[in-house]
2 protein chains.
Amino acid sequence: MPAPLLSRDAVVDRLLGAFRRYGYAAASLGELSKATGLGRSSLYHYFPGGKEEMARAVFDRVDQWAQEAVFAPIRGTGTPERRLSQVIAALDTYYAGGAEACLLGNLVVGDARTLFQDKLSAAFHQLMDGLAQLAREKGIPERDAQQRAEDAVVRIQGALIVSRGISDPAPFRRVLKRLPQNLLG
Amino acid sequence: MPAPLLSRDAVVDRLLGAFRRYGYAAASLGELSKATGLGRSSLYHYFPGGKEEMARAVFDRVDQWAQEAVFAPIRGTGTPERRLSQVIAALDTYYAGGAEACLLGNLVVGDARTLFQDKLSAAFHQLMDGLAQLAREKGIPERDAQQRAEDAVVRIQGALIVSRGISDPAPFRRVLKRLPQNLLG
DNA sequence: GTCTATAATAGGATAGAC
DNA sequence: GTCTATCCTATTATAGAC
C-alpha cells in the first residue's frame, strides 16, 4: 500500500482552489484530478460520494478556516477596531487581494445553489451575525448594526465580482480599506 | 421550409434566461435546447459558432437592453434623481427584484472570464461611467463620483449574490432603495 | 493509496432528410 | 427552419491489479 502523497486536508485545499476558480458544475473530475495531482480513482478513494462529497468537504474546510481566521478574532479580546483589522487581514489573504473568487459566491449559481442551499444560507448568516456583533460593541443600535454587517458582506461579494470583471483588484482593495469606517465608524 | 417558431430575438431572450441561471459552462446544449424549445440542430442554424456564439448574442442583447433601459435615461432629461429612479426601476425589473442572477456576474467565473474578458470589462466600465455621470451632475467632484459609481455597481452585484445565498431578496431591495442616497446624496 | 482499464452516459458539433 | 441520426470527445463512475 503506497503512502499517501498528500494529507486529506492538503487534497481538500487543492480542491478548494479548483472549485473557487471554476464553480461547481464546471469543476470536472479532470480538473480536480489535475489540481490535486491525484488520479480520478484516487479521488474516489477519498470521496466515495464523488464530486458532491468533494464540494461538501471543501465547504467544511472553509468553515473551519472561517472559525479560526474570522470568528475567533471576532470573539477575541481587544477593541472592535483591532479585531476587525484581524478579520480584514484574513479576508485579504483568503481572497489573494481580490484575485481569487469566493467559494460561496460560486456556489449560488445553477444547481449547486439548491444542492448546498442550507450550508450557503447558514454561512452567509453566520458571517453577517459576526460582523454585526462588532458593530454592536461599538454602541451601534441592533438594527443599524445588522444592516451595516449585511452591507459589508454585500460589498465584499460585489467587489470580488467587479474586480474580476474588470481584471483589476482595486475595487476589492478599496472595499477592505473602507470596511472599518463603514462597519464601525 | 417550416416557418420560424420564434424570432431570433425571442430565442436569444430564452438563452439569456438559461445562461444567467446556470452560468456559461453549466448551460449545456440540452438546457439551451429545453429553454428555447428548439432542437440542438436548430440552435446551430441560428448560431453556427455553437455555444460561444450563443453567449455572445446574449451579451449583445443585454448590451442593447442596457442602452435603452439604462444609458438612455442617464443621458436623458430631468433631474439626476429622476433619471436614476428610471435606471433603478429598470434594474429591479431586469433582476426580477433580486430573484434572477446577473449575466455579467456569472460570466466572470471559470474559462468564460477569459473568453469574454473584453466585453465584461467594457460593460462594467460603461455602467460605472454612466452612474458617475449622474453623480457629477449633482456637483460631486470627479474622484468621489467615480468611487460612488463603483460602489453602486459593487453593491448591486454583491446584493444579488447575498440575496441568492440566503434565498431572500431583501438585501437586493435594500441596496436599490438606498442607491439614490448613496450615489447622489 | 494509487494506478490502468473500462463502462456508461452526457456533452458539443455535423450531415442530411424534409 | 426544424428534425433525426450520427460522430467524437469528455465526463462520471467502477473494477481490479499492485
Side-chain angles (χ1 to χ4, degrees), chain A residues 1-59 61 106-107 109-116, chain B residues 1-59 61 106-107 109-116:
Chain A
M1 221 185 273
L5 297 180
L6 293 171
S7 70
R8 188 189 157 99
D9 274 357
V11 170
V12 174
D13 279 345
R14 293 172 185 223
L15 292 176
L16 167 60
F19 279 117
R20 74 198 299 199
R21 252 190 300 282
Y22 295 103
Y24 182 71
S28 68
L29 285 195
E31 288 293 345
L32 299 173
S33 172
K34 201 163 57 178
T36 55
L38 295 174
R40 284 186 279 269
S41 297
S42 298
L43 287 175
Y44 277 93
H45 169 77
Y46 285 100
F47 313 97
K51 201 160 83 163
E52 183 176 336
E53 188 176 342
M54 297 181 212
R56 291 192 186 278
V58 164
F59 218 127
R61 180 103 175 116
N106 273 351
L107 292 185
V109 61
D111 297 331
R113 178 167 164 253
T114 48
L115 209 50
F116 303 111
Chain B
M1 219 183 271
L5 297 181
L6 293 171
S7 70
R8 189 189 156 100
D9 274 356
V11 170
V12 174
D13 280 342
R14 293 172 184 222
L15 292 176
L16 166 60
F19 280 117
R20 75 198 299 201
R21 251 190 300 282
Y22 295 103
Y24 182 70
S28 68
L29 286 195
E31 287 292 346
L32 299 173
S33 173
K34 201 163 54 178
T36 56
L38 295 174
R40 282 187 279 268
S41 296
S42 297
L43 287 174
Y44 277 93
H45 169 76
Y46 285 100
F47 313 97
K51 199 160 84 163
E52 182 176 337
E53 188 176 341
M54 297 181 213
R56 292 192 185 278
V58 165
F59 218 127
R61 181 104 174 114
N106 272 352
L107 292 183
V109 60
D111 297 332
R113 178 166 164 254
T114 49
L115 209 51
F116 303 112

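We name chains A, B, ... by the order of the sequence lines, and we start the count at 1 in each one. These numbers come from the heavy atoms of this one structure, side chains and all, not from hydrogens, waters or symmetry mates.
At whole-Å resolution of the value, OH in Tyr24(B) and C1' in dG12(C) are 10 Å apart. Rounded to whole Å, atom C1' of dG1(D) lies 14 Å from atom CZ of Arg8(B). Whole-Å rounding puts the Asp111(B) CG to dG12(C) P distance at 13 Å. When rounded to the nearest whole Å, the span between CG of Leu32(B) and C1' of dA10(C) equals 14 Å. Between the NZ atom of Lys51(B) and the C1' atom of dG12(C) there is a distance of 8 Å, rounded to whole Å. In this structure, CG of Leu38(A) is placed 15 Å from C1' of dT4(C), rounded to the nearest angstrom. The CZ-P distance, from Arg40(A) to dG16(D), rounds to 19 Å in whole Å. Whole-Å rounding puts the Leu29(B) CG to dA13(C) C1' distance at 8 Å.
Applying the salt bridge (charged side-chain N to carboxylate O under 4.0 Å, His left out) test to pairs two or more places apart or on separate chains, those with a residue in residues 6-16 of chain A are Asp9(A)-Arg61(A), Asp13(A)-Arg61(A).
The shortest distance between side-chain heavy atoms of Glu53(A) and Tyr46(A) does not fall below 4.5 Å.
DNA chain D is contacted by both Glu31(A) and Pro48(A); Glu31(A) maps to the nucleotide lying nearer its 5′ end (nearest heavy atom per residue).
Proximity of a side-chain donor or acceptor of Thr36(B) to a complementary backbone N or O of Leu32(B) within less than 3.5 Å is detected. Under a 3.5 Å cut-off, the side chain of Tyr24(A) and the backbone N or O of Glu52(A) do form a donor-acceptor pair.
Ser42(B) comes within contact range of at least one nucleobase, with a heavy-atom separation under 4.0 Å.
In this structure, of dG1(C), dG12(C), dT2(D), it is dG1(C) that holds the atom nearest to the side chain of His45(A). The side chain of Tyr46(A) has dT2(C) as its nearest neighbour among dT2(C), dT2(D), dT12(D). Taking only side-chain atoms of Tyr44(A), from C-beta outward, the nucleotide of dG12(C), dC3(C), dT12(D) with the closest atom is dT12(D).
A donor N or O paired with an acceptor N or O is not found under 3.5 Å between the base of dA13(D) and the side-chain atoms of Ser41(A).
Distance check: Leu29(A) CG to Lys51(A) NZ gives 6.5 Å after rounding to the nearest 0.5 Å.
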